[in-house]
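Just so you know, these numbers come straight off a predicted model, no measurement behind them.
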Amino acid sequence: MFPSAAVFFGAAAAEITGSFAFWAWFRLGKSALWLAPGMASLGLFAFLLTQIETPFAGRAFAAYGGVYIFSSLVWLWLIEGQRPDGWDITGGVLSLAGAAIMLWGPRTT
């Protein structure tokens with residue numbers, strides 16, 4: 001197993017990259033050849049989520065959602081060239097805080 005933060009951000013990069021391949025094919029008119037690496041990237045995403053250090057898939061998926069939101073804003077800025085505004089940044093930071101609470105909060109069981 002890998003440290004959770006690294007796995008979460010790797011999974012987000014893989015999911016966003018794979019999803020963007022489909023976006024590029026369907027919305028931007030790119031070649032269907034974009035779909036093969038896109039599907040491979042989505043497969044990597046699914047594998048990486050199985051490496052999260054928690055006994056319950058639902059908790060890993062819920063915490064991942066916060067990382068995905070933040071990572072999508074980074075993609076928006078770095079790849080698509082659209083700078084997130086203050087509301088985006090606030091929401092992204094809150095989503096990471098929520099993910100941290102769900103994943104690393106003290107548990108009684």
TODO: Looking only at non-hydrogen atoms, find the nearest pair between Gly18 and Leu42 and report the distance.
DONE: CA-CG, 3.9 Å
Open item on the list: Nearest 0.5 angstrom please: Glu15 CD to Leu49 CG, how far?
Closed with: 7.5 Å
TODO: May I ask you to check whether Phe20 and Trp75 place their ring centres under 6.0 Å from each other?
DONE: yes
- [ ] To the nearest 0.5 angstrom, please state how far the CG atom of Leu28 sits from the CZ atom of Phe22.
- [x] 14.0 Å
Task: Short side-chain to backbone donor-acceptor contact, Ser95 and Ile69, under 3.5 Å - done: no
Open item on the list: Taking the ring of Phe45 and the ring of Tyr64, is the distance between their centroids below 6.0 Å?
Closed with: yes
- [ ] Find out whether Tyr68 and Phe8 are in side-chain contact, i.e. whether some heavy atom of one side chain is under 4.5 Å from a heavy atom of the other.
- [x] no
Task: Any donor-acceptor N/O pair, Thr90 side chain to Trp87 backbone, under 3.5 Å - done: no
- [ ] I would like to know whether Asp88 and Trp77 meet side chain to side chain contact (heavy atoms under 4.5 Å, CB included); could you show each step before the answer?
- [x] CA-CA 11 Å; Asp88 294 327; Trp77 192 0; over 6 Å; no
Task: Leu73 vs Ile89 side-chain heavy atoms within contact, under 4.5 Å - done: no
Open item on the list: Starting from Leu35, can I reach Trp23 by hopping between I/L/V/M/F/W/Y residues whose side chains sit under 4.5 Å apart?
Closed with: no
Task: OG-CG distance between Ser71 and Leu76, expressed to the nearest 0.5 angstrom - done: 12.5 Å
Task: Hphob cluster co-occupancy, Ile16 + Phe61, side-chain heavy atoms under 4.5 angstrom - done: yes
Task: Donor-acceptor contact below 3.5 Å, side chain Thr17 vs main chain Ala14 - done: no
Task: Least distance between heavy atoms, Leu48 atom then Val7 atom - done: O-CG1, 2.9 Å
- [ ] Indicate, with yes or no, if Phe47 and Phe9 share a hydrophobic cluster defined by side-chain heavy-atom contacts under 4.5 Å among Ile, Leu, Val, Met, Phe, Trp and Tyr.
- [x] yes
TODO: Treat each ILVMFWY residue as a node, draw an edge where side-chain heavy atoms are under 4.5 Å apart, and state whether Ile79 and Phe26 are in one component.
DONE: no
Open item on the list: Distance check, rounded to the nearest 0.5 Å: Arg107 atom CZ versus Met102 atom CE?
Closed with: 9.0 Å
Task: Transitive ILVMFWY side-chain link Leu78 to Val67, under 4.5 Å - done: yes
